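Throughout, protein chains are lettered first and strands after them, A, B, ... in sequence-line order, and every chain is numbered starting at 1. Being a predicted model, the structure only gives us computed values, none of them experimental. In what follows, every heavy atom counts, from backbone to side chain, and hydrogens, waters and symmetry copies are set aside.
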Protein chains: 2
Amino acid sequence: MKQAESTLPGGLFMDLDRSGPVPLYFQIASRIENAILEGDLPPGSRLENEIALGERLGLSRPTVRRAIQELVDKGMLVRRRGIGTQVVHGQVSRKVELTSLYDDLASGDRHPSTSLLLHEVIEADARIAEVLGVPVGDPILHIRRVRGADDVPVAVLENYLPRDLVDLSEEDLAEHGLYQLLRARGTMIRVARQRIGARRASAEETTLLEIDKGGPVLTMERTAFDNSGRAIEFGSHCYRPDLYSFEVTLVDK
Amino acid sequence: MKQAESTLPGGLFMDLDRSGPVPLYFQIASRIENAILEGDLPPGSRLENEIALGERLGLSRPTVRRAIQELVDKGMLVRRRGIGTQVVHGQVSRKVELTSLYDDLASGDRHPSTSLLLHEVIEADARIAEVLGVPVGDPILHIRRVRGADDVPVAVLENYLPRDLVDLSEEDLAEHGLYQLLRARGTMIRVARQRIGARRASAEETTLLEIDKGGPVLTMERTAFDNSGRAIEFGSHCYRPDLYSFEVTLVDK
DNA sequence: CAGTGCCCTTTGTCATGACATTATCAGGGG
DNA sequence: CCCCTGATAATGTCATGACAAAGGGCACTG
């Protein structure tokens, strides 16, 4: 099979910003990623080897290697020892990362809307205490929202937040995405565990989502943890399956 | 908050196998992972800093760092600069990685079964040619199976395989999992892109899965790529939502 | 007493160097 | 003509060293 030998476009080798806060490996990774998305690096083409790439960029091999690793983890490149590094076939759609539905919609063309159905502080029962890792009886903020895109309902979002966050106001929640608010408070989400399933819509969900009675909904339960490893949020969501789905990219390690 | 200072159990520091084929960073990562799963490293506890850990193990910092990174990527550890590395709260359920439904079931207590409904070689139409990255008209193996666990139907699996794999026999497919067969042929799957959604079951699926008419099914479409970046398989699957769901762990980078 | 600035700890980034492992390919021998 | 073997090329692993950046605590000051 003929492999495109990929004389890399000159744009990849523009000046690097060595003083700014952006890591060098990240700058390189971004440029390679753009080259792939723009079609300058077609699927199947081979990258230069790590040593040569480093010399041309004036970088050490570990730095170049780390840049490549970023894209391997994203599923855009594949490495083979003794062979080289190649671009994966199949066009990549921007993958969903650690973003909320609000972010997903906002980054697209559609503009999101929110209506707050419920906003109450309750005491943690056994189940909530378990998933959030707090004592039973601890104060918990319980909210329930309907998220829409272009005024069409997309999802019913039910969330439970631990005591540090019970003071989130109704106005903020009606106006902004939950993750947006958390970021603004300086609490960064680092890890999230999700379970994705499906079931029949309840009567209430049928009404809220404007779907047929007994129709299917896509469900997602998520526990999110901050940078100190403590649980920050438990969410039980259901989505209109004709308007939303999840994308996942898996990489063998 | 009181942090367990985590005098690490002695088992972590047993002799390393420096001659064998298992990388040192992998050996360390495995031991830390076991310590977490066994409860020796409780949630919230801090690890020793990377330098000290390296000295006690007789390893350099990059090696220790890489071991820790493996577990960070798995969502089991969280790092904070200036602070240290801590164990994430919440018990981890064994993650689902790049495995097939067959592997998932077999690794549990249940024993999987397969019935082959369809096994034909067709010519690639525009859609299949697109997702597999082959010319229109190329020979494609089209199979359709029902996967059961303990004799209860769990999923309807429809797969399309490119020309290299059209010679998979009916006997093999009825007997083994698809990914099992691919591994046996030496083709390793490195990257997979999945889309997870939901919809109403078709009439045929209703019968095959023994569910109520018009009931919901969980759907997954997947394109898998081998270590040279070529598409190896396209699958369009639907699952009984009361018997199966997807787990995903996301890590912010 | 409270606010502020300095210092220490720890992870984040980057460079250099070395050897191991694996796949391809060309050449020689059966 | 085929198989085996060695050379070559590329990634995989590991060590050592250095500096930067961020977070927390402590002491000093207003």
Give a yes or no on whether a salt bridge exists between [X] and [Y], defined as a side-chain N under 4.0 angstrom from a carboxylate O.
{"X": "B:Glu158", "Y": "B:Arg145", "answer": "no"}
{"X": "A:Arg31", "Y": "A:Asp40", "answer": "no"}
{"X": "A:Glu247", "Y": "B:Arg193", "answer": "no"}

* On DNA chain C, check which nucleotide each of A:Val64 and B:Thr85 is closest to and give me the residue with the more 5' one. => B:Thr85

* Between A:Arg18 and B:Gly84, which is nearer to the 5' end of DNA chain C once each is assigned its nearest nucleotide? -> B:Gly84

* Can you tell me how far the CG atom of A:Leu77 sits from the CD atom of A:Gln86, to the nearest 0.5 Å? -> 10.0 Å

If I take atom [atom1] in residue [X] and atom [atom2] in nucleotide [N], what distance separates them, rounded to the nearest angstrom?
{"X": "A:Ile28", "N": "C:dT13", "atom1": "CD1", "atom2": "C1'", "answer": "14 Å"}
{"X": "A:Asn227", "N": "C:dT10", "atom1": "CG", "atom2": "C1'", "answer": "14 Å"}
{"X": "A:Arg46", "N": "C:dT24", "atom1": "CZ", "atom2": "C1'", "answer": "10 Å"}
{"X": "B:Glu48", "N": "C:dT9", "atom1": "CD", "atom2": "P", "answer": "15 Å"}
{"X": "A:Arg79", "N": "C:dA23", "atom1": "CZ", "atom2": "C1'", "answer": "16 Å"}
{"X": "B:Arg81", "N": "C:dT13", "atom1": "CZ", "atom2": "C1'", "answer": "8 Å"}
{"X": "A:Asn49", "N": "C:dT24", "atom1": "CG", "atom2": "C1'", "answer": "15 Å"}

* What pairs with B:Ile83 under side chain to side chain contact (heavy atoms under 4.5 Å, CB included), at least two apart in sequence or on another chain? ->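 Scan of B:Ile83 (side chain to side chain contact (heavy atoms under 4.5 Å, CB included), adjacent residues dropped) gives B:Arg80.
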
* 5′-ward residue of the pair B:Leu24/A:Glu50 relative to DNA chain D ->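 Nearest-nucleotide comparison on DNA chain D picks A:Glu50.
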
* Asked: More 5' along DNA chain D: B:Pro62 or A:Ile51, using each one's nearest nucleotide?
  -> A:Ile51

So what does [X] touch, heavy atoms closer than 4.0 Å: a base, only the sugar-phosphate, or nothing?
{"X": "B:Gly54", "value": "nothing"}
{"X": "A:Arg66", "value": "sugar-phosphate"}
{"X": "A:Arg65", "value": "base"}

* Asked: In chain order, what residues pass the salt bridge (Lys or Arg N to Asp or Glu O under 4.0 Å) check against B:Arg163, with sequence neighbours excluded?
  ->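 Per chain and number, B:Arg163 pairs via salt bridge (Lys or Arg N to Asp or Glu O under 4.0 Å) with B:Asp138.
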
* To do: Would you grab the first and last nucleotide of DNA chain D (5' to 3') that comes under 4.0 Å of any non-hydrogen atom in chain B?
  => D:dT13 to D:dG24

* To do: Test salt bridge (Lys or Arg N to Asp or Glu O under 4.0 Å) on B:Arg66 and B:Glu50 and set out the steps.
  => CA-CA 10 Å; B:Arg66 167 133 191 212; B:Glu50 297 170 350; over 6 Å; no

